Amino acid sequence: MNTLLEIEDLHVAYGLGSKRRSVLDGVSLTVDEGETVGVIGESGCGKSTLAKTIVGLAKIGGGSVCYRGTDVRTLSGPSLKEYGRRVQMVFQNSLASLNPRKTVFQTLETPLIVHGERDRRSRRRRIEDIADRVGLPNAMLQRRPHELSGGQRQRVGIGRALILNPQLVICDEPVSALDVSIQAQILNLLSDLRREQGLSYLFISHDLGVVRFIADRIFVIFAGRIIETADYQDLWRDPRHPYTRLLLAASLGESTPDRPGSPPPPSTGCRFRHRCPFAFGLCAEETPVLRDIGGGHRTACHLG
Amino acid sequence: MERPMIASRKLGSPVKDGIAFFKESGYLSLTVGGAVFAAIVVTAAAARLLFPGDPTDMVTTPLLWPGQSGLFPLGTTSLGQDVAAGLVWGARASLQVGILAAAVGLLLGLVAGTLAGYCGGWIDAVLVRVIALFQTMPPFLLVVVIVAIDEPTLRTISLAIGLAGWPTVARLVRAQVRSLRQAEFVLAARCQGYGTTRIVLGEILPNALPPVIATVSVLVANAILMEAGLSFLDMGDPNIVSWGSMIGAARDTLRIDWYLAVLPGLAIALTVLSLNLVSDGLTEVLSPRRRAAP
């Protein structure tokens, strides 16, 4: 299978000088054609930054992001525009991600204009077709974002991402702002669209339950590093890293003693050790690296 | 099971609710202010029809009090000029200066504010300092200096007042653009490959403008006040009757014929008040959190 997106040892940092803070610290992952890759982690772990870096909204500090074998930093002019057509993003906050002054029709039309669709009638056909696919009745096309429900707005967001016929869609927590029943609808819509259009997704979420529903492969991020990756079934059946287990327990509704975010992760050694119930001497001395434990299941834990 | 209903507000008659909504939503001040301002604009525009002659011409006995003569209902000045004609022609001058100055201030402020807010970096640093420099100078003094250097024509005066007023607009626009630049819908536009012009004109500015539009009416009001101040000090255009110059000329006879100062004063107050009402109303009406009609 062809590799669509290849991220190699990606480093991203915000701020300057002494305020410089590393957000992504050597993240590597790949997305194949037609595949859905899930990325999970708690808020602040860098998963949104990962999404922004891929679509070019955050600056790559080190490492590389390659699309079909081409480093995206070497793209410019028409090839960059083409990349902007092939790789799309669906945002978490559907209200903030839509221009409040534009109707749904205008929101869907502008990308077509930008990418050179001159004919007004064929634009209209395309918009009506996409609206139909994402389950928006034609009557909604003349509404503005604040006149739509959260689920409808997210359908507009997905429609905007799909209208340019992309190959890869980065979904940054697309359902976490929605009611549970609407979440299921949107997730079903996303998996139907993937089947129909042969899309690949990079699906980012903090909710293992949601990611498991849609992803083929899952990467778990903690404090800017990937700490475990596996097939979705493997990860669900046999989570190795203590943090993954914690996430799993949380998504099954078990109460955990853990309060995310309280102690800042240490910069050396295992970054999870302050919150890890199994931490021992080696964890503070040596940074665990991702090790293969069979069948593509890899984990970064000294105990794994 | 019967549950008690939670009343979110007292239920009144639909008419009362409608009136309350009208008052709260800012439409009241917008309508009243707009109507008064529109009346002033119409009067000023019709000056040539209402008073075809030159308002500086001596037409009758000087210092007629208002009501003393049916032909000159607002009285005459010490030079025998018709006060009513002066007020109407003065409105023309005041509005011309006000609107022209606001346009200059708006244009400069929009361009500078958008550049500073969108580009950031050294462009922002430079523009912020230029804005600060302009704001350290008292705007009226700045206008006096510019007018003193150049000839006191309506155009120079308007330009000078616009130059004194642009920092307000620039600061407002800059703040708006800065926060909107990071808005998710702008990020979405950027990663879909929109050009900078399209992002600024199509995505950012339409959302940044409502508070700016509300400021424009204040800008016009300030310009009218400044022009009046200039004319009062005899620094206005000498060939034109304006409200400020009428008040200035009335100084000599202020104790006895005070109506000569009060009438143009009232005209200025009414115009500025109507513009402020429009501004207040616009602020409410254009606010994104505005309530839906009941």
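Here is how names work: the chains are called A, B, and so on, in the same order as the sequence lines, proteins then strands, and each is numbered from 1. Only heavy atoms go into these numbers, but all of them, side chains included; no hydrogens, no water, no symmetry mates. Worth saying up front: this structure is predicted, and the values here are computed from it rather than measured.
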Residues from residues 51-64 of chain A approaching chain B under 4.5 Å (heavy atoms): A/Lys52, A/Val55, A/Leu57
CZ/B/Arg92: more than 12 non-hydrogen atoms of other groups inside 6.0 Å: yes
Side chain / backbone / both / neither for A/His115 at chain B, heavy atoms under 4.5 Å: side chain
For the student: nearest non-hydrogen atoms of A/Asn99 and B/Phe185, plus distance: N-CB, 3.5 Å
Structural part of A/Leu95 lying under 4.5 Å from a heavy atom of chain B: neither
More than 12 heavy atoms of other groups within 6.0 Å of A/Arg120 CZ: no
B/Gln192 side chain to A/Val114 backbone, donor-acceptor under 3.5 Å: no
Heavy-atom closest contact (A/Ser97 atom, B/Ala188 atom, distance): O-CB, 4.3 Å
Whether over 12 other heavy atoms sit under 6.0 Å from A/Arg194 CZ: yes
Heavy-atom proximity to chain B below 4.5 Å, by part of A/Arg85: neither
Most chain B-contacting option - heavy-atom pairs closer than 4.5 Å, from A/Pro100, A/Ala161, A/Pro145: A/Pro100
Minimal non-hydrogen separation, B/Pro210 against A/Arg101, with atom names: CG-NH2, 3.2 Å
Exceeds 12 heavy-atom contacts within 6.0 angstrom, atom CZ of B/Arg155: no
Option that, when pairs with chain B are counted at under 4.5 Å, heavy atom only, ranks first among A/Gln106, A/Met89, A/Gln88: A/Gln88
